[in-house]
Amino acid sequence: MPRSPQETESLFDAWAATYDEDVNRPTGLLVGYEESLHRAAAMVPLPANAGVLDVGIGTGAFARLLANGGARLSGVDVSSEMLARCQANHPSFALATGSFLQIPHPDGHFDALVSSFAFHEVSPEERPRACAQSARVIRPGGRVCLLDIMFASPAARTAAARELREQWDPDEVYPLVGDLDVSLRSAGFTGLRWQQTGPYHWAVAGCRFA
Ligand SMILES: C[S@@+](CC[C@H](N)C(=O)[O-])C[C@H]1O[C@@H](n2cnc3c(N)ncnc32)[C@H](O)[C@@H]1O
């Protein structure tokens with residue numbers, strides 16, 4: 001059964017204390033985590049001093065790479081414990097409670113929106129709405145980059161489940177590349193480029209219609 005929003009919040013609140021340590025020696029679906037972050041970051045060309053929102057920022061691992069390149073980072077997350085860790089790691093980031101479906105920022109506010117390993121937390125039915133919310137807060141011509149556990153086809157997803165055995169969570173419905181491509185285009189994104197960044201990871205980058 002899918003998790004409720006409260007269960008998701010509690011799960012990540014409980015994980016926050018050991019999250020950085022865990023992703024430093026990733027297993028299962030997170031194998032290749034750091035390399036995927038670097039590959040995805042390289043897919044988003046950002047103007048100097050760009051205002052960037054990371055949705056599901058967690059402890060700030062992806063945002064850190066973009067901040068190192070000169071971007072000004074904001075972040076939202078459903079977990080207050082993740083946000084507290086992130087703020088301790090990165091005092092300059094502007095953080096707020098929020099989610100893919102409730103981004104607490106005005107229309108067109110950011111030069112780019114990014115996210116890593118968080119989009120699959122949105123239920124499949126709500127993913128088109130999450131893409132529309134993401135488009136809403138990006139200025140026309142601004143950038144998007146989503147990195148996550150994703151699969152090129154249902155067969156690839158089934159093969160991963162077989163490979164990972166007990167490390168596979170049957171309750172998670174990881175996005176398919178084709179479905180997300182359609183949702184992003186319908187939400188007003190264009191020039192989408194896809195890259196497989198890890199054994200179980202894909203990233204997509206593009207921009208909002210000007
Ligand atoms: C696996 S962690 C990834 C954190 C970080 N982006 C990274 O790459 O390490 C997933 C994050 O998404 C957050 N999250 C869960 N559901 C979300 C939602 N609906 N919208 C935004 N963030 C969500 C969690 O609280 C958690 O911090």
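Note that ligands are numbered from 1 as they come in the structure, with each ligand's atoms numbered from 1 the same way. Note that this is a predicted model, so its numbers are computed, not measured.
Within 4.0 Å of ligand 1, the residues that place a heavy atom are Thr8, Phe12, Tyr19, Tyr33, Val55, Gly56, Ile57, Gly58, Asp77, Val78, Ser79, Met82, Ser99, Phe100, Ser116, Phe117, Ala118, Glu121, listed by chain and number.
With respect to Glu21 and Arg25, a salt bridge is recorded, a charged nitrogen being found less than 4.0 Å from a carboxylate O.
In this structure, Tyr174 and Phe151 have perpendicular ring planes: the angle between them is above 60°, well past the 30° mark.
Partner of Leu176 under the side-chain contact (heavy atoms from CB on, under 4.5 Å) criterion, chosen from Pro124, Pro154, Ser153: Pro154.
Annotation: side chain to side chain donor-acceptor pair (under 3.5 Å) contacts involving residues 8-17, sequence neighbours excluded, comprise Arg3-Thr8, Asp13-Ser79, Trp15-Asp22.
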Report, one line per pair, each donor and acceptor closer than 3.5 Å where one atom sits in a side chain of residues 49-68; sequence neighbours left out.
residue	atom	partner	partner atom	Å
Asn49	OD1	Arg72	NE	3.4
Thr59	OG1	Asp20	OD1	2.6
Asn68	ND2	Arg64	O	3.4

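Scanning for side-chain hydrogen bond (donor to acceptor under 3.5 Å, both in side chains) contacts around Thr197 gives Ser36, with sequence neighbours left out.
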